[in-house]
Amino acid sequence: MLETKILPTFCQSLENYQSYIQQELARQQLPQAVPLAIKTSFELAKTIASKIIKSGSIDFQDFMQMALYQTGLGYYASGNQKFGSGGDFVTAPEISALFAQSFAQEFMQVFQQTQSNILELGAGSGIFCVDCLRQLEKENQLPQNYYILEVSAELRARQVALIQEKLPHLIDRVTWLETLPRNFEGVIFANEVADAIPVDLMINNGSDKNSSVEKAQVTVTDDGFAFEWQDDTYSLPKVCEHGHKFEHRGQLSGWIKSLVEACQRAVIFIVDYGHSEDELFNSSRAGGTLQQYYRHHKTDNPLHLLGLQDITSSVNFTQAALAADGVKANLLGYSTQSMYLLAAGIEGLAQQMMESEVTSDTMASLKIGQQLKQLLLPEEMGETCKVLAFSKAIDADLDIDLKGFSLDNQLYRL
Ligand SMILES: C[S@@+](CC[C@H](N)C(=O)[O-])C[C@H]1O[C@@H](n2cnc3c(N)ncnc32)[C@H](O)[C@@H]1O
């Protein structure tokens, strides 16, 4: 650690940092942060500032990596709530058990041709695992193993606690892994994990034909972290307008490749906010797709509220599909979340849920109707969230026709 005296003013003392955060919250009219969260953010700010002072400005990707995952301090690695109504954002498994139930129906199809194992990546609060196992138990189709690979030690502890509380009789089937398995057979599932993989921020400063791309670096000043732009050799995958900002998630291709290579015989589901490459380079997205969330508010700067806000950007599903194809995976389908869930049978599952609710019929149908709207409506998650599935079978082909792509399969768009 460098001497405190050479740290920039804004993070030279906890007192300075508290007023820096208070000003930022007031400027954006955001709710207060608890003192412990500000203290953690202060430690994170000092860690990143020290790194920059020591070695010079860093790529935004490295900044995002530390902001989200720095051990004990980063957004996903510290103790703040994150998910659900009291957190910063809501994910589909948090909205309704119907999401996990719909995927469980699909997993049962896969298990007819593979061993019945599930590997969930980035399991968040653990609620998808709970609802999926409940559904499979109801169908008498419990998997042999439910593996979870989670990079955040803090979230892993929460997952253990939730599964222990909700499904004590099934906890022995759940195993937390440190690394990807080898020769995996079954289903791999990742909801809103790819969008949490760090990105570089880029801008096209050339004309359509003569592109020149700059990449964002993060430096530090007495007033906080700041962007610097540097020429970069990255070549644009698509022609786009001068000034078009976009994100490049370099680690995505390697991540997809590693998932495919971990499998002997499996179907892999990637569910996330995202678009095809054509759509990402369309002029309607000239500002890029990077977003930050703090207590259900969109905030305006990824360099502020360090470790207190989530940072995310849309997944380039063309890049994901190309990476899978490059390691000989078989692309099965690509669809919007709404079309996928409808085809997978979410309405029938909702009907069953209503019939089994103990509350009054009207209350139950209102609640379930609200959940369906959030999962399915285009202006909610229905259209911006996508499902991509691909399979890998080393010995013989998997002859799998996933129900979820039976209404609409948009693989041609990737
Ligand atoms: C936005 S949360 C989504 C959580 C959960 N899947 C849900 O839908 O509620 C992202 C999750 O991915 C985890 N994560 C990020 N990168 C990961 C990686 N490379 N491997 C496994 N988990 C990862 C985070 O720690 C967190 O649990």
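As the structure lists them, so they are numbered: ligands from 1, and atoms in each ligand from 1.
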Original post:
Do any N/O atoms on G122 end up under 3.5 angstrom from N/O atoms on ligand 1?
Top reply: yes

Original post:
Hey, is V193 one of the residues with a heavy atom under 4.0 angstrom from ligand 1?
Top reply: yes

Original post:
Among F60, Y20, F10, which residue meets the ring pair (Phe, Tyr, Trp, His ring centres under 6.0 Å) test with F225?
Top reply: F10

Subject >> ligand 1 contacted by Y69 (non-hydrogen, < 4.0 Å) >> reply: yes

Original post:
Would you say D310 has any N or O atom under 3.5 Å from an N or O of ligand 1, going by distance alone?
Top reply: no

**OP:** Can you label the angle between the Y234 ring and the F246 ring as parallel, tilted or perpendicular, going by 30° and 60°?
**Re:** tilted

Original post:
N/O to N/O below 3.5 Å, does that happen between N191 and ligand 1?
Top reply: yes

Subject >> Numbering as shown, the atoms of ligand 1 that approach G124 to under 4.0 Å (heavy-atom distance) >> reply: 4 (C), 5 (C), 27 (O)

Subject >> Atoms in ligand 1 with a heavy atom of L155 nearer than 4.0 Å >> reply: 25 (O), 26 (C), 27 (O)

Original post:
Salt bridge or not for E137 and R134, using N-O below 4.0 Å?
Top reply: no

Subject >> Nitrogen or oxygen of E120 less than 3.5 angstrom from that of ligand 1 >> reply: no

Original post:
Are R158 and E150 close enough for a salt bridge, meaning some N to O gap below 4.0 Å?
Top reply: no

Subject >> Contacting atoms of ligand 1, where contact means under 4.0 angstrom from a heavy atom of S152 >> reply: 25 (O)

**OP:** Number the atoms of ligand 1 from 1 as they appear, then name those within less than 4.0 Å of a heavy atom of L149, with their elements.
**Re:** 21 (C), 22 (N)

Original post:
Are side-chain N/O atoms of E154 and S78 paired as donor and acceptor at under 3.5 Å?
Top reply: no

**OP:** Enumerate the atoms of ligand 1 whose separation from the nearest heavy atom of T91 is less than 4.0 angstrom.
**Re:** 7 (C), 8 (O), 9 (O)

Subject >> Polar contact flag, side-chain donor to acceptor under 3.5 angstrom, S41-Y17 >> reply: yes

Original post:
Do the ring centers of Y340 and F99 come within less than 6.0 Å of each other?
Top reply: no

Subject >> Side-chain donor-acceptor pair present, Y294, Q292, cut-off under 3.5 Å >> reply: no

